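Some notes on the structure that comes next.
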2 protein chains.
Amino acid sequence: MTVDAVRGGVPEHGRVPKYYTVKTQLQNLLAELGEGALLPAERDLAAAYGVARSTLRQAISELTMEGRLRAHRGRGTFVASPKLIQPLSLSSYTEALREMGHVPSRRLITEERLPAGSLAGDLAIDPADEVLHLERVLLADDEPLGLESTYLPAGRFGDLMDGWDATGSLYRHVADRYQVRYAQATERIETVLASPREAQLLNTNPAQPMLLMQRVSADQDGVPIERVRSLYRGDRIGFVTRLTG
Amino acid sequence: MTVDAVRGGVPEHGRVPKYYTVKTQLQNLLAELGEGALLPAERDLAAAYGVARSTLRQAISELTMEGRLRAHRGRGTFVASPKLIQPLSLSSYTEALREMGHVPSRRLITEERLPAGSLAGDLAIDPADEVLHLERVLLADDEPLGLESTYLPAGRFGDLMDGWDATGSLYRHVADRYQVRYAQATERIETVLASPREAQLLNTNPAQPMLLMQRVSADQDGVPIERVRSLYRGDRIGFVTRLTG
DNA sequence: TAGTGGTCTAGACCACTTT
DNA sequence: AAGTGGTCTAGACCACTAT
């Protein structure tokens with residue numbers, strides 16, 4: 001009987017947490033199994049590695065957040081495919097995704113008119129003026145990738161929805177119908193965690209790290225076009241941009 | 001005695017996880033307490049909200065990852081100050097941080113020479129050629145903000161360290177000493193989780209969501225200058241950039 | 001019905017800080 | 001010595017999926 005066994009429930013406290021050792025072992029296992037493979041059940045893996053299920057779950061949880069694993073309740077946990085990398089550009093993601101060989105689509109969640117309120121400043125309108133709010137789930141190959149909330153001045157774009165398929169490119173539609181050129185934008189990027197509602201819409205877990213992108217676009221005259229709040233699944237996508245000076 | 005009490009260890013399963021309800025309650029508490037305030041101890045809060053300590057900890061953990069709380073082992077948990085927002089630009093963060101009224105500094109962790117290996121492609125050198133690797137912790141107001149690994153061709157910048165204070169701006173030093181102009185860069189942005197080593201260096205928790213920025217910079221002739229891997233604490237900093245088309 | 005991942009409880013020991 | 005956050009265990013019930 002080893003010292004550790006005698007200690008019973010007491011963990012051996014080295015510098016590296018036990019779950020991280022398990023995570024490393026799992027990473028090796030994933031490499032062996034290969035993309036798309038089904039992982040053994042959590043209870044079996046915990047027994048195999050000699051840890052409690054919740055310790056095993058911490059390791060699995062991190063690999064899931066990083067995009068290495070994908071869990072489905074009732075079915076099992078699978079080895080995931082690599083992240084998409086999307087260019088950070090003025091236009092929406094339609095063309096970029098197509099160029100990478102994926103099929104972009106969208107699902108309309110919310111369509112409403114609201115008083116601009118605190119959005120008034122960004123959109124250079126009066127707080128009492130109305131804005132059009134579109135909330136859409138962005139999908140790649142029919143899998144949720146992000147959640148996009150767009151706010152446009154209703155005075156200028158109020159009839160936007162008339163005869164438009166909301167599963168298509170909003171960028172293209174606005175540019176064509178209103179003869180608007182997206183000339184510049186300011187974009188803010190940070191990490192946040194998904195709320196339960198967002199997690200459900202994106203078919204992921206709450207507490208999944210997300211990339212939050214908040215953009216204000218303007219036309220060639222510097223007049224604001226829209227304010228967009230995009231929440232992207234951090235396990236599924238990254239971005240690339242080009243800097244010059 | 002309520003129905004819930006009779007059910008004992010069984011949670012009431014609504015759509016919203018219990019820890020998320022607690023998280024919302026905590027957010028209200030934080031607003032009342034104000035920046036810098038000390039939170040009650042976890043065991044007390046758990047009792048006050050009527051949940052197990054690990055459930056309370058999940059709520060606290062999310063607020064910590066989001067930058068709303070800061071935990072110190074043995075001392076307590078405090079209400080944090082807001083995130084920094086740094087411009088995404090070619091130059092390093094020195095001037096940007098100064099402009100925002102903060103004090104930038106760095107701590108040298110690693111200085112070594114290595115064969116370029118897989119970095120050779122990015123740096124347009126031979127895999128057998130050596131690169132200089134500098135690993136530094138970036139600090140703002142003496143608090144760790146990020147971990148930066150820079151790889152430069154040793155053939156061109158090998159004497160970089162001679163008479164240079166590694167806590168100063170590398171960008172400024174390279175530009176001045178070698179008469180190099182940082183003309184362009186490609187930057188990749190994604191979310192990752194901190195490893196235990198990174199978490200320790202950044203004085204944060206493992207599993208903290210981080211912003212990983214990977215950059216290759218080139219001079220006006222398109223010759224690669226450096227490859228930089230920067231890992232920023234997602235709870236402490238965000239970025240802003242300007243897009244044009 | 002059996003099995004899977006998701007959530008929660010209760011209790012323990014650890015490393016660290018303050019008194 | 002006492003108190004704090006960090007990690008781990010063992011066991012339970014839930015919602016969902018496949019058979």
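Worth saying up front: this structure is predicted, and the values here are computed from it rather than measured. Here is how names work: the chains are called A, B, and so on, in the same order as the sequence lines, proteins then strands, and each is numbered from 1.
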Side-chain donor/acceptor pairs under 3.5 Å, residues 67-78 of chain A, sequence neighbours excluded:
unit_1 : atom_1 : unit_2  : atom_2 : d
R70(A) : NH1    : E143(A) : OE1    : 2.6
R70(A) : NH1    : E143(A) : OE2    : 3.2
H72(A) : ND1    : R75(A)  : NH2    : 3.4

Euclidean distance, atom [atom1] of residue [X] to atom [atom2] of [N] [Å, nearest integer]:
| X | N | atom1 | atom2 | value |
| --- | --- | --- | --- | --- |
| Y19(B) | dC14(D) | OH | C1' | 16 Å |
| N203(B) | dG6(D) | CG | C1' | 14 Å |
| L39(A) | dG3(C) | CG | P | 18 Å |
| Q200(B) | dT7(D) | CD | C1' | 16 Å |
| Q208(A) | dG6(C) | CD | P | 12 Å |

*Identify whether the distance between the nearest side-chain nitrogen and carboxylate oxygen of E148(B) and R229(B) falls below 4.0 Å.*
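Between R229(B) and E148(B) there is no salt bridge, as every charged N stays at least 4.0 Å from the carboxylate O atoms.
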
For [X], what residues pass the side-chain hydrogen bond (donor to acceptor under 3.5 Å, both in side chains) criterion, not counting sequence neighbours?
| X | answer |
| --- | --- |
| T21(B) | none |
| E190(A) | R188(A), K83(B) |
| E135(B) | T110(B), R197(B) |

*Looking at residues 45-69 of chain A, who's got a heavy atom less than 4.0 Å off DNA chain C?*
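When residues 45-69 of chain A is checked for heavy atoms under 4.0 Å from DNA chain C, the hits, listed by number, are R53(A), R57(A).
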
*Phosphate oxygens OP1/OP2 of dT9(C): is one of them under 4.0 Å from a side-chain N or O of K18(B)?*
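So the side-chain polar atoms of K18(B) do come within 4.0 Å of the phosphate oxygens OP1 or OP2 of dT9(C), strictly under.
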
Would you please name every residue forming a ring-ring contact (aromatic ring centres under 6.0 Å, His included) with [X], sequence neighbours left out?
| X | answer |
| --- | --- |
| F239(A) | Y232(A) |
| Y151(B) | H133(B) |
| H102(A) | none |

*Residues in side chain to side chain contact (heavy atoms under 4.5 Å, CB included) contact with N203(B), at least two apart in sequence or another chain*: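 Residues passing side chain to side chain contact (heavy atoms under 4.5 Å, CB included) with N203(B): P144(B).
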
Protein-nucleotides 1-4 of chain D N/O pairs under 3.5 Å:
unit_1 : atom_1 : unit_2 : atom_2 : d
dG3(D) : N2     : G74(B) : O      : 3.4
dT4(D) : O2     : G74(B) : N      : 3.2

*End-to-end bend of the helix from dT1(C)-dA18(D) to dT18(C)-dA1(D) (five-pair axes, 10° rounding)?*
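Inter-axis angle at the ends, rounded: 10°.
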
*Any donor-acceptor N or O pair under 3.5 Å, side chains T241(A), R215(B)*: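 The answer is no; no qualifying pair exists.
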
*asked:* Can you pull out every salt bridge (Lys or Arg N to Asp or Glu O under 4.0 Å) where at least one residue sits in residues 28-41 of chain A? Sequence neighbours excluded, please.
replied: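 Non-adjacent pairs meeting salt bridge (Lys or Arg N to Asp or Glu O under 4.0 Å): zero.
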
